[in-house]
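Taking it in order: structure first as structure tokens, then the write-up.
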Amino acid sequence: MADFDLDQLERQVAALIGLNQRLREENASLRARQETLVAERGELIEKTEQARSRVEAMLSRLRAMEESL
């Protein structure tokens, strides 16, 4: 009976070790993905600000042209 309990415990420990390793790998992958997404978000925010600035400049020029007519 003791051998059976020990064998079962060893299998459970091995399964937990395997699960732990898979979770570590998944966690590392998720962290890398998060870093990529954060960088992409930063780039999109920057591009949005540039576009906003260009649109505002165009609107200012159009208003100036309208006033000069």
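Count residues from 1 along the sequence.
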Check: residues 36-48 side-chain donor-acceptor pairs under 3.5 Å, at least two apart:
{"residue": "Thr36", "atom": "OG1", "partner": "Ala32", "partner atom": "O", "Å": "3.1"}
{"residue": "Thr48", "atom": "OG1", "partner": "Leu44", "partner atom": "O", "Å": "2.8"}

Report task. Using the side chain to side chain contact (heavy atoms under 4.5 Å, CB included) rule, pick out the option among Asn20, Leu19, Val13 that qualifies with Ile17. Result -> Val13

Report all side-chain donor-acceptor pairs from residues 53-69 shorter than 3.5 Å, counting only partners two or more places apart or in another chain.
{"residue": "Ser60", "atom": "OG", "partner": "Glu56", "partner atom": "O", "Å": "3.1"}
{"residue": "Ser68", "atom": "OG", "partner": "Met65", "partner atom": "O", "Å": "2.8"}

Query raised in the report: Can you tell me if CD on Gln34 sees more than 12 non-hydrogen neighbours from other groups inside 6.0 Å?
Result: no

Query raised in the report: Would Leu9 and Gln12 count as a side chain to side chain contact (heavy atoms under 4.5 Å, CB included) if you check the C-alpha gap in whole Å, the side-chain angles of each, and the deciding distance to 0.1 Å?
Result: CA-CA 5 Å; Leu9 182 60; Gln12 288 175 338; 4.1 Å; yes

Report task. To the nearest 0.5 Å, tell me how far Glu35 CD sits from Leu30 CG. Result -> 11.5 Å

Query - CA sep, side-chain torsions, deciding dist, call: Glu49, Arg52, salt bridge (charged side-chain N to carboxylate O under 4.0 Å, His left out) - result: CA-CA 5 Å; Glu49 288 301 317; Arg52 184 188 327 272; 3.5 Å; yes

Query raised in the report: Heavy-atom distance under 4.5 Å between the side chains of Asn27 and Arg24, does that happen here?
Result: no

